[in-house]
Amino acid sequence: HRFTSAKQPFDRSKYMRKSLIAQSVAAMIGGLGLAAAANAAIVAPAPGTLVGLVPEAVQLVVNTDSIGHINLVPYFTTAGGNDTYVNITNTDTKNGKAVKVRFRGASNSDDVYDITVLMSPGDVWAAAITKDAATGLPKLNHNDKTCTLPAGVKNVFVTTRLDSTINAAAKAVQASEGYVEILNMADIPYNAAPGSLYQAIKHVNGVAPCTAAPLNALFTDSTDYADAQAKGLEVPTTGLMTNWTIINVPKAASYTGGAVAVEARTAGNLAGWGNIVLF
């Protein structure tokens, strides 16, 4: 990672601990195996099926090339005057991606905010996590032309998962730092039909139309693989890459790095497909 600063408003030792946590989470995910890691029903073709010449994955591996099905940002913070910027790239120029971006609190890995980002092929989604002046909570700003669910561009983090016995100020402190999970839940393959999900999320002149009907269909869980395909989804393949930056403007400091990437692979260590987990 690259650190450039004349002053140190940012606890580097705390970051390094979070980086080790991210590596440990990645190792844990890799040890679980694909089927054991899923909490919802399996939505996928028959085992061993080739999907667009991509074979079924049977293991999860940390990819040192920083591209995968899962990205883990080791640390975000809005404490101490810091803002955090996250840039997710879909390096797949053929398929769109339905990506879950989930922010976890540092104290107990509580879910403090999550959003679904529907990325166009070759798309980059940029977001900033800043402190909301009214509540003291982190706020996700993503004034981007990529479709998201929910669709708002300024979303304050939530505290319902945090300790109910602490007050609002303490909850704001707990929500102000943590780590980020970025998960490819499903691919969105090419479809020429005007009303398809692909056409709804595909950028045209830099803007995705985000057509309501195919996006709203995603709010109903897929009952099986055929149903998921009918909604415009396909099994997730590799392609996600994420970079993060923490900036403290008043103190002229910045810290940046790449996310840990976990890739679903075949027994022969090639990138494969996983289960559709968009629910």
Side-chain angles (χ1 to χ4, degrees), residues 18 21-22 25-26 28-29 37-41 43 68-78 83-90 96-119 123-132 135 137-144 146-164 171-172 174-188 197 201 210 215-222 231 233 236 240-244 259-262 274-279:
K18 301 303 178 186
I21 290 171
V25 170
M28 178 273 292
I29 289 172
N39 292 319
V43 178
H69 296 66
I70 300 169
N71 293 171
L72 298 169
V73 173
Y75 189 56
F76 77 85
T77 180
T78 58
D83 295 336
T84 303
Y85 298 84
V86 176
N87 291 277
I88 304 171
T89 301
N90 176 17
K97 307 288 186 186
V99 180
K100 175 66 70 178
V101 182
R102 184 162 52 199
F103 295 84
R104 299 281 200 173
S107 295
N108 198 38
S109 294
D110 295 301
D111 188 345
V112 291
Y113 193 77
D114 66 80
I115 188 170
T116 296
V117 183
L118 302 168
M119 303 187 73
D123 191 9
V124 177
W125 183 74
I129 302 94
T130 62
K131 186 175 182 178
D132 180 59
T135 63
L137 290 164
K139 176 174 61 179
L140 182 68
N141 308 275
H142 55 99
N143 192 14
D144 196 281
T146 297
C147 305
T148 62
L149 300 173
V153 296
K154 293 183 178 181
N155 302 284
V156 177
F157 283 19
V158 296
T159 60
T160 51
R161 291 288 188 93
L162 300 179
D163 185 353
S164 61
K171 288 180 179 179
Q174 285 201 7
S176 68
E177 61 178 359
Y179 62 97
V180 191
E181 298 173 333
I182 297 156
L183 316 164
N184 183 18
M185 301 181 290
D187 276 9
I188 303 173
L197 178 61
I201 62 95
C210 302
L215 266 61
N216 289 342
L218 301 180
F219 287 110
T220 303
D221 291 348
S222 299
K231 289 183 172 70
L233 303 174
L240 296 182
M241 180 176 67
T242 302
N243 292 290
W244 57 267
V260 176
V262 179
N275 299 323
I276 296 172
V277 290
L278 175 56
F279 293 95

Distance in Å, Ile201 CD1 paired with Ile188 CD1, rounded so as to fall on 0.5 Å steps: 4.5 Å
Could you tell me which non-hydrogen atom of Pro74 sits nearest to which non-hydrogen atom of Trp244, and how far apart they are? CD-NE1, 3.7 Å
How close do Leu140 and Ala127 get, heavy atom to heavy atom, and via which atoms? CD1-CB, 3.7 Å
Who passes salt bridge (charged side-chain N to carboxylate O under 4.0 Å, His left out) against Asp83, sequence neighbours left out? none
Taking side-chain hydrogen bond (donor to acceptor under 3.5 Å, both in side chains) as the test, write out the residues that go with Thr242, two or more places apart. Asn71
dist Asn90:CG -> Met241:CE (nearest 0.5 Å) comes out at 10.0 Å
Return the CG to CD1 distance between Asn184 and Ile70, rounded to the nearest 0.5 Å. 9.0 Å
Have Ser109 and Tyr179 got a donor and an acceptor in their side chains that come within less than 3.5 Å? yes
Would you mind reporting whether Phe103 and Ile129 have side-chain heavy atoms less than 4.5 Å apart? yes
Sorted by chain and number, sequence neighbours left out, side chain to side chain contact (heavy atoms under 4.5 Å, CB included) with Lys131 holds for Thr78
With Asp221 via side-chain hydrogen bond (donor to acceptor under 3.5 Å, both in side chains) - residues at least two apart: none
Within the side chain of Thr89, is there an N or O that forms a donor-acceptor pair under 3.5 Å with the backbone of Val124? no
Heavy atoms only: give me the nearest Gly68-Ala261 pair and the separation to one decimal. N-CB, 4.0 Å
Please lay out, stage by stage, how Val101 and Trp125 fare under the test side chain to side chain contact (heavy atoms under 4.5 Å, CB included). CA-CA 11 Å; Val101 182; Trp125 183 74; 4.2 Å; yes
Using the side-chain hydrogen bond (donor to acceptor under 3.5 Å, both in side chains) criterion, which residues pair with Ser222? Sequence neighbours excluded. none
Quick one: list whatever passes salt bridge (charged side-chain N to carboxylate O under 4.0 Å, His left out) with Lys97, sequence neighbours left out. Asp92, Asp187
Side chain proximity check, Pro138 to Thr130, heavy atoms < 4.5 angstrom: no
Taking all non-hydrogen atoms of both residues, which atom of Pro236 and which atom of Ile276 are closest, and how far apart? CD-N, 3.9 Å
Sequence neighbours excluded, the answer for ring-ring contact (aromatic ring centres under 6.0 Å, His included) partners of Tyr113 is Phe157
Which heavy-atom pair separates Ile115 from His142 by the least distance, and what is that distance? CD1-NE2, 3.5 Å
With the side chain counted from C-beta on, respond yes when Leu233 and Leu278 share a heavy-atom pair under 4.5 Å apart, and no when they do not. yes
Counting N and O atoms only, with roles assigned by atom type, does the side chain of Asn87 sit under 3.5 Å from a partner on the main chain of Tyr85, one being a donor and the other an acceptor? no
Holding to side-chain hydrogen bond (donor to acceptor under 3.5 Å, both in side chains), I want the full list of residues that pass it with Asp110, two or more places apart in sequence or in another chain. none
List in chain and number order the residues that pass side chain to side chain contact (heavy atoms under 4.5 Å, CB included) with Thr116, two or more places apart in sequence or in another chain; answer none if no residue qualifies. Lys100, Leu118, Leu149, Met185
Evaluation steps, side chain to side chain contact (heavy atoms under 4.5 Å, CB included), between Val117 and Ile88: CA-CA 10 Å; Val117 183; Ile88 304 171; 5.6 Å; no
Could you pull out the closest heavy-atom pair between Ala217 and Lys231, with the gap in Å? O-CE, 3.1 Å
Which residues satisfy the side chain to side chain contact (heavy atoms under 4.5 Å, CB included) test with Asp111, sequence neighbours excluded? Arg102, Arg104, Asp114, Arg161
Residues at least two apart in sequence or cross-chain that pass side chain to side chain contact (heavy atoms under 4.5 Å, CB included) with Ala172, listed by chain then number, are Leu137
